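For reference, the structure is listed below as structure tokens.
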Number of protein chains: 2
Amino acid sequence: MVSSAFRRVATSSVEDLPGGPRGYLVLVAVASGEPPSQLALARQVNLDRTVMTYLLDDLEARQLITRRPDPRDRRARQVLITEEGRAHLERTQQSLSIAEARLLADLDEHDARQLRLLLTRVAQTAQREALTPEADC
Amino acid sequence: MVSSAFRRVATSSVEDLPGGPRGYLVLVAVASGEPPSQLALARQVNLDRTVMTYLLDDLEARQLITRRPDPRDRRARQVLITEEGRAHLERTQQSLSIAEARLLADLDEHDARQLRLLLTRVAQTAQREALTPEADC
DNA sequence: TATTGTTATACTCTATAACTATA
DNA sequence: TATAGTTATAGAGTATAACAATA
């Protein structure tokens, strides 16, 4: 229930972004560090490179990102965030914080910290499990 | 991350069930109490009645449920779980418990209880929010 | 020959509407 | 006329494979 509630709340925060949650993850990935290639992005966000093409087409049409050939490897393209993209990203992140706060409204500061701590520990377990998904069942 | 890890782990537990997670929810709903109509089931699991038809077709083909006309209203059909369906459901539930335990492996009994408690409180908040989804900024 | 990105095709899922049989 | 269930159709989303450019 918590998971689906979070999804619902978060989805509404990113729904005016091309690609929804995916568009958001891509913007986050592009916003920091070296401009990644499309393939690197696809792996980072766990998307097929063909749908990454469509997604970037949409983001570029809305002028949130731009593409340019990588001077070191002209097969690849560097993906860069625009001013508009960065502004849009910040608005989305604010909206997400508000949504999260509303979800945790009934927890005081101590309990909220406790929950984040426990979830972080579970997340670490989950990440280790993710390395050996075949072990399932 | 926890949410998607849980989804992945849970999905693997129900993947041999027609309809996957949905098939599981339907089996759970059918397993207890009065045999529900297809429409009641659809509402309970939050599915369209047309896809419920397909889903029940698949579950019936695998002999996990049966349908029979409701004697009180011959437009409606009662959905019943079979012996095989009940056995399959129990196996799935065991698999889900094991999956959950693996996800919480790094938490001792006290921490696990604490996490369930906090999540329950958040779930209650979420349920209240669900009643007024239009309030989503 | 392998890799990045693009495009085309097919396939699955979902949503909508039309249909039947009952009420 | 309205409702339970079914079926048909169309649309969106996704995956696969083929292609061009470059390494």
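All of these numbers come straight from a predicted model, not from anything done at the bench. In what follows, every heavy atom counts, from backbone to side chain, and hydrogens, waters and symmetry copies are set aside. In what follows, every chain begins at residue 1, and chains take the letters A, B, ... in the order their sequences are listed.
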**Item:** A:T53 side chain near C:dG5 phosphate (N/O to OP1/OP2, under 4.0 Å)
**Value:** no

**Item:** D:dA20 phosphate, OP1 or OP2, under 4.0 Å from A:R74 side-chain N/O
**Value:** no

**Message:** Counting only heavy atoms not in B:N46 (residues, nucleotides, ligands), do more than 12 fall under 6.0 Å from its CG?
**Reply:** no

**Request:** Just compare D:dT6, C:dT6, C:dT22 and give me whichever is closest to any side-chain atom of A:Q38.
**Result:** C:dT6

**Request:** Determine the contact category for A:R49: base if any of its heavy atoms lies under 4.0 Å from a base atom, sugar-phosphate if only primed atoms, P, OP1 or OP2 are that close, otherwise nothing.
**Result:** base

**Fill in**
Regarding the side chain of A:R75, the nearest nucleotide among C:dA2, D:dT7, C:dA21 is C:dA2

**Asked** Would you say B:T82's side chain and B:Q63's backbone share a donor-acceptor pair under 3.5 angstrom?
**Response** yes

**Complete:** Assign each of A:D70 and B:S37 the nucleotide of DNA chain D bearing its closest heavy atom; nearer the 5' end lies the nucleotide of B:S37

**Fill in**
In short, A:A5 meets A:L103 closest at the heavy-atom pair CB-CD1, 4.2 Å

**Asked** Taking atom C1' of C:dA15 as reference, at what distance in whole Å does atom CG of B:N46 sit?
**Response** 14 Å

Taking only N/O atoms, report every protein-nucleotides 8-14 of chain C pair under 3.5 Å with atom names and distance.
from: C:dT14; atom 1: OP1; to: B:R22; atom 2: NH2; distance (Å): 3.3
from: C:dT14; atom 1: OP2; to: B:R22; atom 2: NH1; distance (Å): 3.1

**Asked** Expressed in angstrom and rounded to an integer, what is the separation of B:R43 atom CZ from D:dA4 atom P?
**Response** 6 Å

**Asked** Base, sugar-phosphate, or nothing: which does B:D73 touch, judged by heavy atoms less than 4.0 Å apart?
**Response** sugar-phosphate

**Item:** Side chain B:E60, main chain B:R67, donor-acceptor under 3.5 Å
**Value:** yes

**Request:** For B:G23 and B:L17, work out which heavy atoms get closest and say how close.
**Result:** C-CD2, 4.1 Å

**Derivation and outcome, salt bridge (charged side-chain N to carboxylate O under 4.0 Å, His left out), residues B:R128 and A:D106** = CA-CA 11 Å; B:R128 279 203 316 278; A:D106 283 1; 3.1 Å; yes

**Message:** Could you tell me how far apart A:D58 (CG) and D:dT14 (P) are, to the nearest whole angstrom?
**Reply:** 12 Å

**Asked** Side-chain contact, heavy-atom cut-off 4.5 Å: B:L89 with B:L64?
**Response** no

**Message:** OP1 or OP2 of C:dT6 versus the side-chain N and O atoms of A:R77: is any pair under 4.0 Å?
**Reply:** yes

**Prompt:** What is the distance from CG of B:D57 to P of D:dT7, rounded to the nearest Å?
**Reply:** 7 Å

**Prompt:** How long is the line joining CG of A:L55 and C1' of C:dT6, in whole Å?
**Reply:** 15 Å

**Request:** For the side chain of A:D48, starting at C-beta, report the closest nucleotide among C:dT16, C:dT6, D:dT16.
**Result:** D:dT16

**Fill in**
Taken to the nearest whole Å, CZ/A:R68 to C1'/C:dG5 is 17 Å

